[in-house]
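Written out below as structure tokens is the structure these notes cover.
In listed order, ligands and their atoms are each counted from 1. Starting from 1, each residue takes its place in the sequence as its number.
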Amino acid sequence: MPRVFSGIQPTGEPHLGNLLGAVRYWVEDQRLGDCFYCVVDLHALTIPGEAADLRKATTTMATLLLAAGLDPDACTLFVQSHVPAHTQLSWLLECTVSFGELRRMTQFKDKSSKGGEEAARAGLFTYPVLMAADILLYDTDRVPVGDDQRQHLELTRDLASRFNTRYGQTFVVPEASIPPAGRGARIMDLQEPLKKMSKSSESPQGTIGLFDDPATVERKVKRAVTDTDSGPDAVRYDPLTKPGVANLLELLAIAEGTGIEEVAGRYTQYGPLKADLAAAVVSLLEPIQASYRAWASDPSAVAEVLAAGAKHADGIARATLARAYDAVGLVAPA
Ligand code: TRP
């Protein structure tokens, strides 16, 4: 079975883009591979936040992943900071990557542009290296991620190959597995359909939270930005010229498990499309929210899943780390 690894940050409120672009693929994959899914709490420290919020968000994210259908008997679910090898390997990879390579990462440029590079945390700069460590520790074959992580995966592959060339075969070079266009790789903000739906979005009305109640979902979908086209072919899938409508069609197609063209063919007006989309999203979220309440009522059960996951992950990560330490010439303790 292929080894699969992916991670999700415990920041902000989890939203529909996370579910449709990532988590739902994790659930689908969990019996097809030997899957490791990680709540990457250390990555969350790269941007400002409160300790209490991180603590809460980590548990919430793990609970939500279980509620969304991850089965602890089928996959390994764990928290990044519970496995020390992640930060340990990260150092070896910081000594493999070049400053210039990190400098070219578009996500660093985007995320540091707001407060300025000068104030950005060094951890934001080295973020992709920790991500590479996450992946390489598990001899990962395949990494399901959203489209925005493509560049980080390329860097991970480069670092793995460079390390192998320099020090001898140590790491598996992983493949990115990115959902095809139209299948959730880029779910857009409902208010600003040229921007990705995001946890840190400045338009909360454009982000559907996974904990939103039915009335909130309906209101947000109803107010989603479309365009002023009318007439028989107003409802068509054209992400370039009709990004708002394209996003709604994509969401409905995914929620229903049908094709975009089929969905588009059923509507001539935006109102009915939105009404059906709201209903589909509500029925997608309801069972997840119910399961969340059940898991959340038993926090020790969640903690046990995470402890078992960390134990399993730690065994594998330790062995890979030992291989890498030896390869670069670090002397093992007697
Ligand atoms: N950077 C990823 C994101 O923001 C999260 C992440 C961290 C990740 N480590 C990972 C994803 C390892 C895949 C594999 O979405």
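Two residues are said to be in side-chain contact when any heavy atoms from C-beta on lie closer than 4.5 Å; Trp26 and Ile8 meet this criterion. Annotation: side chain of Leu66 is in contact with side chain of Pro72 (closest heavy-atom distance under 4.5 Å).
Between Phe108 and Phe125, the distance from one ring center to the other falls under 6.0 angstrom.
Screening residues 87-103 for side-chain hydrogen bond (donor to acceptor under 3.5 Å, both in side chains), with sequence neighbours left out, gives Ser98-Glu101, Glu101-Arg162, Arg103-Glu117.
Partners of Tyr127 according to the ring pair (Phe, Tyr, Trp, His ring centres under 6.0 Å) rule, which considers only residues two or more places apart in sequence or in another chain, are His43, His152. Listed by chain and number, the residues in a side chain to side chain donor-acceptor pair (under 3.5 Å) with Arg166 amount to none (sequence neighbours excluded).
For a heavy-atom separation below 4.0 Å, the residues in contact with ligand 1 are Phe5, Ser6, Gly7, Gln9, Val40, His43, Tyr127, Met131, Asp134, Ile135, Val143, Val145, Gln149.
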